[in-house]
Protein chains: 2
Amino acid sequence: MAGISDILKRNQLSITDSRKKILDYFLQSDGALAHADIEKMSGDKFDRVTIYRTLQTFVEKGIIHTIPTSDNSVKYALCKDECVAGHHHDDHIHFLCDDCGTTYCLESNVPPVQLPIGFSASRTDVVVSGKCGKCSN
Amino acid sequence: MAGISDILKRNQLSITDSRKKILDYFLQSDGALAHADIEKMSGDKFDRVTIYRTLQTFVEKGIIHTIPTSDNSVKYALCKDECVAGHHHDDHIHFLCDDCGTTYCLESNVPPVQLPIGFSASRTDVVVSGKCGKCSN
DNA sequence: AATGTTTTGCAACCCCGTTGCATTTGGTTA
DNA sequence: TAACCAAATGCAACGGGGTTGCAAAACATT
Ligand SMILES: [Mn+2]
Ligand SMILES: [Mn+2]
Ligand SMILES: [Zn+2]
Ligand SMILES: [Zn+2]
């Protein structure tokens with residue numbers, strides 16, 4: 001309990017049941033969460049729409065960031081401490097396990113890539129698919 | 001002339017109007033195409049479902065490959081010659097222009113990434129967003 | 001406790017992609 | 001060329017996922 005409300009306060013968000021609960025899901029999970037995951041976990045505690053809006057709010061505040069996956073579904077994970085509202089610093093790579101479906105934020109930073117003359121990058125997403133540590137045995 | 005029907009024959013596909021037309025769109029375009037793009041180009045020539053099924057067939061045959069984008073929409077682009085049915089070899093990076101929306105297949109190959117112990121990669125997607133050459137002036 | 005503001009739940013809606021089935025088309029053979 | 005069978009198409013219907021408007025409820029502040 002030491003923390004959840006503080007995180008919300010620090011981001012100038014009013015403290016509500018759904019925000020506390022959803023933020024807690026992220027703090028307890030080691031992988032990323034999709035909207036559907038949260039919907040399952042919470043049962044019928046909140047409306048679907050509330051979950052959508054909460055995720056959206058958390059992204060805007062820099063509490064979580066989105067992860068594009070190769071199967072075209074959006075996942076969310078906790079941001080590092082440096083992220084603030086309107087400006088994310090999540091330049092790490094992501095890993096999506098083909099077996100268990102877990103999505104991990106890895107420590108490795110995105111490598112530099114060579115672009116053609118005249119092209120400039122504003123963002124680089126690296127998503128690796130394969131087998132995670134737990135599923136390799 | 002010398003091409004479209006040959007490509008279809010080579011992949012053991014029967015030659016139909018929609019397949020010829022959709023394949024032609026890809027050959028004439030320099031960027032990637034989304035389903036919606038093709039739907040607009042073709043007007044009401046074919047049904048939406050036919051476009052979906054044609055794209056799916058082309059992917060299975062290794063004629064086109066999918067590109068995951070950060071805005072969570074699927075785009076398609078012609079494969080290199082080495083791609084065959086069931087096995088793609090599109091290990092190049094992709095670029096998505098924030099201004100004009102064009103998606104390019106770049107020549108640069110995906111760089112090697114460092115994974116934690118026990119993790120193994122089956123596929124790596126690198127999507128760079130930013131400004132393309134045409135939009136940089 | 002009373003107030004004004006923010007958040008929530010609900011209903012309705014739209015967009016995207018899929019599926020089943022009858023009809024049409026294309027490829028093959030006689 | 002005509003007939004046949006297999007494959008592709010069009011149509012309708014369905015479902016998941018996400019958004020919006022608005023009234024009711026919860027929150028922060030006094
Ligand atoms: Mn991450
Ligand atoms: Mn490509
Ligand atoms: Zn796994
Ligand atoms: Zn551009």
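What you see below is based on every heavy atom in this structure, not just the backbone, and it leaves out hydrogens, waters and symmetry mates. Here the structure is a predicted model, which means the values were calculated and not measured. The chains referred to below are lettered A, B, ... by the order of the sequence lines, with proteins before strands, and numbering in each begins at 1.
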Any carboxylate oxygen within less than 4.0 angstrom of a Lys/Arg side-chain nitrogen, looking at [X] and [Y]?
{"X": "A/Arg19", "Y": "A/Asp24", "value": "no"}
{"X": "A/Arg53", "Y": "A/Asp47", "value": "no"}
{"X": "A/Asp125", "Y": "A/Arg123", "value": "yes"}

So which protein N/O to nucleotides 8-16 of chain C N/O distances come out below 3.5 Å?
{"residue": "C/dT8", "atom": "OP1", "partner": "A/Thr16", "partner atom": "OG1", "Å": "2.8"}
{"residue": "C/dT8", "atom": "OP1", "partner": "A/Ser18", "partner atom": "OG", "Å": "2.3"}
{"residue": "C/dG9", "atom": "OP2", "partner": "A/Asp47", "partner atom": "N", "Å": "3.2"}
{"residue": "C/dG9", "atom": "OP2", "partner": "A/Thr50", "partner atom": "OG1", "Å": "2.5"}
{"residue": "C/dG9", "atom": "N7", "partner": "A/Arg53", "partner atom": "NH2", "Å": "3.2"}
{"residue": "C/dG9", "atom": "O6", "partner": "A/Arg53", "partner atom": "NH2", "Å": "2.7"}

Exercise. Atom CG of A/Leu8 to atom P of C/dT7: distance rounded to whole Å?
Worked result: 11 Å
For this session: Mind calculating the distance between CG (B/Asn11) and P (C/dG27) to the nearest angstrom?
Result: 15 Å
Exercise. Any luck finding a side-chain donor-acceptor pair between B/Ser122 and A/Asp98 under 3.5 Å?
Worked result: yes
For this session: Verify ring pair (Phe, Tyr, Trp, His ring centres under 6.0 Å) between B/Tyr76 and B/Phe26, making sure each step is shown before the conclusion.
Result: CA-CA 9 Å; B/Tyr76 302 86; B/Phe26 281 105; 7.0 Å; no
Exercise. When you measure from the side chain of B/Lys75 to the backbone N and O of B/Ala32, does any donor-acceptor pair fall under 3.5 Å?
Worked result: no
Exercise. Is there a donor-acceptor pair closer than 3.5 Å between any side-chain N or O of B/Thr54 and the backbone N or O of B/Thr50?
Worked result: yes
Problem set entry | Ring geometry between A/Phe95 and B/Phe119 (parallel below 30°, tilted from 30 to 60°, perpendicular above 60°) | perpendicular
Exercise. On DNA chain D, which is the earliest and which the latest nucleotide, 5' to 3', with an atom closer than 4.0 Å to a heavy atom of chain A?
Worked result: D/dG17 to D/dA28
